[in-house]
Amino acid sequence: MTPVDISLPPPPSASDRIPRLFSLLSSLANSLADAGGRRRCPPMGPPSKEEEANSLLPSISLEPNEDEEKAYESSEQIVVDVVGDEDGDGGIPRFSWRKLWLFTGPGLLMSIAFLDPGNLEGDLQAGAVAGYSLLWLLLLATGMGLLIQMLSARLGVATGRHLAEHCREEYPCWARFSLWIMAEVALVGADIQEVIGSAIAIKILSRGLLPLWAGVVITALDSFVFLFLENFGVRKLEAFFAILIVTMAMSFAWMFGETKPSGKDLLIGVLVPKLSSKTIRQAVGVVGCVIMPHNVFLHSALVQSRKVDQTKKIRVHEALNYYSIESTAALTVSFMINLFVTTVFAKGFYGTVEAGSIGLENAGQYLEQKYGGGLFPILYIWGIGLLAAGQSSTITGTYAGQFIMGGFLNLKLKKWLRAFITRSFAIVPTMVVALSFDTSEAALDILNEWLNVLQSVQIPFALIPLLTLASKEQVMGDFKINHLTKVVTWVVAALLIIINGFLLLEFFSSEIRGLLFGSIVFVLLAFYVAFVAYLIFRHGKLLDQLVSAVRKGFS
């Protein structure tokens, strides 16, 4: 009988393990790419190693989709052609109020990110600590936010694809996977703030009968409201958000009328720039809350809800003009709401002992103590406005999460399933947070600081790809941004990154304790800076382009 050799092959050496690991990761990435029917990652390592690694993977039976994921199917898009809309002189369509009405909607959903509970907390703290002196900065920050959001809309209208889809095509596998993770982390961080803000409002309106965790559960159900409304069409969803924005505007305008802030001080605060060393932190907070990473992705997808013929330049120009008008109007309303909140707390608490301890949860109580109950207690007015802000922002977060996941991964899932997955990403950690931090107002303030830092860290990973793509002729064609706009937008982006870098430096300098923790933060910071540098200089032409743009813009 012939003996059977049952000896095992020798274990792989260290030099073999590394290429095998990379081959395994490459195969897994290719499986995901196959599931979306899109571009594959290049193999990493010799073919024999890749085949060996493939044999170790579980069988994945996902058939590739024939069509790529789209923000809106053709049947969902709104037709904006108006009967009798003839071309004017030079072939440029005449302005039409009816057509502006048809284009109105995406800007409303986009503006919600400027009104979320995190922004409201930044407003009330800026007013309580700095008085009216930072209103000019609020106006400037809103203007910078408008510029970034209009670039996002430009990308979506001119190309017919949103930012996440472009990132999937523009960057290599490891970079786009990293950008997707960063976008998801930013979305979860923002959603935690929004859900907690909504839960606080429910706690206020129930007079404490419903604890924070119960408010989180109630807020989690808004995804079902979102799905229900979306089934009736995009316009119904946009109308729902319009109602929420009107609710916020009426609530905070009522507070403004009740407290009667000084009109003279308000105008001086808006028109005369002032900044002192005592208000630096509040100033950074005002600017840092304006640009939300997920909102940059969101707006480039929302504008595709209207059917625009990208093959006709005049129609793209027309759409961009109408979107510019409606975005400006939407952010003007958001600026007024933020101004109402800031001035109310500036009038009531600037220079008082309570100024440094006001947060979302105790703000209504402080207002009631200061101004009394009245016919309709100001505590409930604050709660209603905060609830509208929290509910609207959590729903737009769910919406943005669908586009981010679908765009980066090209997974054509049913909308209810994508909404469920997106909601779960945020609700599970939010519930943990609610149970862990519902012990004191100070604990919630600490949580909010950490979440603000998390948002600040993510900003470059939305801004830099947007500016890079909007400047590329291969992507935008004739609609790439001009030289002067390129300089201005990169200056704005650099300013935002520097401001948020200051926030990070200040935060970590006060929080880091011990050599081990400091070393870990230093290593992570090194990787972070390296990735940001890669995104900026990956083509090696940015500095030359900016210098050339400056010369052409001012020549």
Side-chain angles (χ1 to χ4, degrees), residues 32 36 68-72 76 106 109-113 116-118 149 152 156 161-168 176-198 216 219-231 234 237-238 240-241 291-305 389-433 451 454-455 457-459 461-462 465-466:
L32 290 174
E68 70 174 12
E69 189 274 342
K70 297 178 181 178
Y72 295 91
E76 298 174 314
L109 275 69
M110 172 272 295
S111 68
I112 294 296
D116 71 349
Q149 295 301 150
S152 177
R161 307 177 75 195
H162 56 83
L163 180 57
E165 292 175 307
H166 280 292
C167 288
R168 187 183 69 228
R176 69 171 181 258
F177 182 77
S178 300
L179 288 172
W180 172 58
I181 294 297
M182 293 296 185
E184 292 289 357
V185 169
L187 180 62
V188 170
D191 214 6
I192 290 175
Q193 283 184 309
E194 293 157 358
V195 172
I196 292 293
S198 186
V216 170
T219 306
L221 299 178
D222 64 18
S223 58
F224 296 101
V225 174
F226 157 72
L227 290 171
F228 177 76
L229 289 172
E230 194 179 27
N231 289 332
V234 174
L237 183 66
E238 292 169 349
F240 176 69
F241 279 97
I291 302 298
M292 305 290 284
H294 72 272
N295 205 42
V296 178
F297 287 96
L298 175 65
H299 200 197
S300 63
L302 291 174
V303 294
Q304 294 176 46
S305 60
Q391 289 291 329
S392 58
S393 57
T394 53
I395 299 176
T396 54
T398 302
Y399 216 15
Q402 293 187 65
F403 293 131
I404 290 171
M405 177 181 293
F408 275 105
L409 302 184
N410 196 28
L411 298 179
K412 294 194 69 174
L413 301 175
K414 292 183 178 180
K415 289 188 175 181
W416 70 266
L417 182 56
R418 270 193 291 170
F420 177 78
I421 295 173
T422 303
R423 211 82 208 92
S424 299
F425 280 167
I427 290 302
V428 173
T430 303
M431 184 60 71
V432 174
V433 164
L451 292 175
L454 180 65
Q455 290 296 307
V457 167
Q458 309 301 330
I459 285 177
F461 305 120
L466 173 65

Which value, rounded to the nearest 0.5 Å, describes the distance between Leu187 atom CG and Gln458 atom CD? 10.5 Å
Calculate, to the nearest 0.5 Å, the distance between atoms CD and CD1 belonging to Glu184 and Ile181 respectively. 7.0 Å
At what distance, to the nearest 0.5 angstrom, does NE2 of His294 lie from OG1 of Thr398? 9.5 Å
Between Ser393 and Ile112, is there a donor-acceptor pair closer than 3.5 Å when you use the side chain of the first and the backbone of the second? no
To the nearest 0.5 angstrom, please state how far the CG atom of Asp116 sits from the CE atom of Met292. 4.5 Å
Return yes if some donor-acceptor pair links the side-chain N/O of Thr396 with the main-chain N/O of Leu109 below 3.5 Å, else return no. no
Would you say the side-chain atoms of Ser198 and Gln391 include a donor-acceptor pair closer than 3.5 Å? yes
Is there a donor-acceptor pair under 3.5 Å between the side chain of Glu165 and the backbone N or O of His162? yes
Can you give me the closest heavy-atom contact between Ala164 and Phe403, atom names plus distance? CB-O, 4.0 Å
Give the minimum heavy-atom separation between Val234 and Ser305, together with the two atoms involved. CG1-CB, 4.1 Å
How far apart are the closest heavy atoms of Gly390 and Pro117, and which atoms are they? CA-CG, 3.8 Å
Ignoring hydrogens and angles, state whether a donor on the side chain of Gln149 or Asn295 is under 3.5 Å from an acceptor on the partner side chain. yes
Check whether Arg161 reaches the backbone of His166 with its side chain - one donor and one acceptor, N or O, closer than 3.5 Å. no
So CG of Asp191 and CD1 of Ile196: to nearest 0.5 Å the spacing works out to 10.5 Å
Quick check on the 6.0 Å ring-centre criterion: do Phe241 and Tyr399 meet it? no
Working to the nearest 0.5 angstrom, can you tell me the gap between Cys167 SG and Trp180 CH2? 14.0 Å
